[in-house]
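What follows is a single structure, written as structure tokens, with notes after it.
Numbers here simply count residues along the sequence, with the first being 1. Just the heavy atoms: all of them, side chains too, but no hydrogens, waters or symmetry mates, feed the values below. Each ligand, and each atom within it, is numbered from 1 in the order the structure gives.
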Amino acid sequence: MSIIKIPSLFDMHVHLRDPGFTYKEDIITGTAAALAGGFSGVACMPNTNPPIDNADTINYILDKAKNTGVEVYPVACITKGMKGEELTDFKALKQAGAIAVSDDGRPVENLKLMEMALISAYENNLPIISHCEDLAIVNGGVINKGFVSEDLGVKGIDRLSEDSVTAREIALAQKTNTKIHIAHVSTYGSVEIIRNAKRNGVKVTCETCPHYFMLTEQVLLKKDADYRMNPPLRTEKDVKAIIEGIIDGTIDCIVTDHAPHSPQEKSNFLTAPNGVIGLETSFAATLTALYHTGLVTINKIVELMSTNPRKILNLPKTEKYITVDLDEEWVVDVNNFKSKSRNSCFKNTILKGQVASACVSHHSLTRLYP
Ligand SMILES: [Zn+2]
Ligand SMILES: [Zn+2]
């Protein structure tokens, strides 16, 4: 047994589904899942119902999260109703408690509108997070375009969908000399585009998720919708590039993109909504794939899963700690999840490393572990 103490984790990309879709998840169950996974803070995405484009919804979320033991920071919409037509009032949303803006789940298709959003985000010192996807290229595609989509005879999504919008966002950030954060990077092309942009001084940061450095499209041959998310699982070449990007600092954060859906919704491979849950497996998956393989240190994982996301969102370092048993091996059993949903792409996987005690203050911890 090898127990260590590290700063508590922060996930800057979760979908808590509350308000509006509480049969999938709510703020109480989502934060319980976060605590179990070692997270003392999360930023929650605005594709709720109503969407987070108004102060009332922000107040509702902050109020419901108050006694959960998890800091919940709402991300507000870039455009009203996430319709891509008209910017929300960034200043008012920030005043109400929004930590960032994003239309996550959708791209802001109108280039001019996105440029205005970047400028307004800059003026209000509000981080802006882009979901990079070209809907015209996606055009009904359900998984990565390649051998597996051909094998299964289903419509594929070309990497160009992600890469082209990543390149567009970087061009906009460069032109306006403002910051941009790219969500869920999944392709070798996007890693390369972001690496070059950083070298050229563009203020771009980005995130990826454990499934993009642990799984490939091969698992989709099972035709199980629990392995379908957006962007989709790609290939060995992409996995390798994501890992290289993590090691060389191109990728700043590991997030979950925790996206709960009910078993009923996930029952049909082709028509199920995109998304997988991740709060209760993310840290263990990362330890298994990156630490126990000798690719990165624990300090690097703390940077990726605590320090950097907080920095990107202008939050101070956490004062909370977790204890971790680095060597505990366990099988992911979806029935043990605090989350309401079961759509884990790590189900029945053996992971190494587990949170031993969740999010205690530094003070009480020193008493426990002198
Ligand atoms: Zn997204
Ligand atoms: Zn998302």
Side-chain angles (χ1 to χ4, degrees), residues 10-18 20-21 24-25 27 30 33-34 39 42-49 51-53 61 72-79 82-84 98-109 114 117 127-135 137-138 141-144 157 159 161-166 168-169 180-187 190 194 204-212 226-234 242 251-261 265-266 272-279 281-282 309 312-313 339 341 343-345:
F10 191 97
D11 190 343
M12 69 178 287
H13 191 146
V14 303
H15 298 267
L16 294 179
R17 306 298 193 206
D18 191 359
F21 306 100
K24 300 174 195 255
E25 192 81 285
I27 289 166
F39 298 92
V42 298
C44 60
M45 288 297 174
N47 58 343
T48 47
N49 187 20
I52 311 177
D53 62 1
I61 292 167
V72 175
Y73 297 98
V75 176
C77 303
I78 295 173
T79 66
M82 290 181 57
K83 291 197 176 102
I99 189 87
V101 286
S102 181
D103 271 2
D104 185 59
R106 295 181 58 83
V108 175
E109 292 188 272
M114 190 61 177
I128 185 162
I129 302 166
S130 175
H131 167 109
C132 295
E133 176 181 42
D134 185 312
L135 298 177
I137 295 174
V138 174
V142 285
I143 62 173
N144 182 52
I157 307 167
R159 289 182 184 77
S161 162
E162 178 173 340
D163 297 351
S164 59
V165 181
T166 302
R168 184 197 81 166
E169 305 305 52
I180 183 109
H181 180 81
I182 307 292
H184 41 55
V185 173
S186 77
T187 65
S190 287
I194 294 164
V204 57
T205 52
C206 71
E207 60 186 40
T208 192
C209 313
H211 39 268
Y212 299 125
D226 285 349
Y227 298 96
R228 273 194 41 223
M229 73 292 286
N230 187 21
L233 294 173
R234 310 279 187 185
I242 298 284
I251 294 172
D252 302 271
C253 318
I254 293 170
V255 302
T256 61
D257 197 1
H258 182 80
H261 293 294
E265 289 171 306
K266 277 292 195 182
N274 288 308
V276 294
I277 56 173
L279 282 167
T281 51
S282 178
I312 289 163
L313 295 176
S339 170
S341 287
N343 52 314
S344 165
C345 60

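Taking distances strictly below 2.8 Å, the protein N/O/S atoms close to the Zn ion (ligand 2) are His13 NE2, His15 NE2, Asp104 OD2, Asp257 OD1.
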What verdict does the side chain to side chain contact (heavy atoms under 4.5 Å, CB included) test give for His13 and His181, after you've listed the backbone C-alpha separation in whole Å, the side-chain angles of each residue and the deciding distance to 0.1 Å? CA-CA 11 Å; His13 191 146; His181 180 81; over 6 Å; no
Assess the residue pair Ser190 and Ile182 against the criterion (side chain to side chain contact (heavy atoms under 4.5 Å, CB included)); give the C-alpha distance rounded to whole Å, side-chain angles, the decisive distance to 0.1 Å, and a yes or no. CA-CA 10 Å; Ser190 287; Ile182 307 292; over 6 Å; no
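No donor-acceptor distance shorter than 3.5 angstrom exists from the side chain of Asp104 to the backbone of Met45, with no hydrogens or angles considered. A distance-only check finds a donor-acceptor pair linking the side chain of Asp18 to the backbone of Ile27 [under 3.5 Å].
In this structure, His184 and His131 have perpendicular ring planes: the angle between them is above 60°, well past the 30° mark.
Partner of His261 under the side chain to side chain donor-acceptor pair (under 3.5 Å) criterion, chosen from Glu25, Arg17, His15, Lys266: Arg17.
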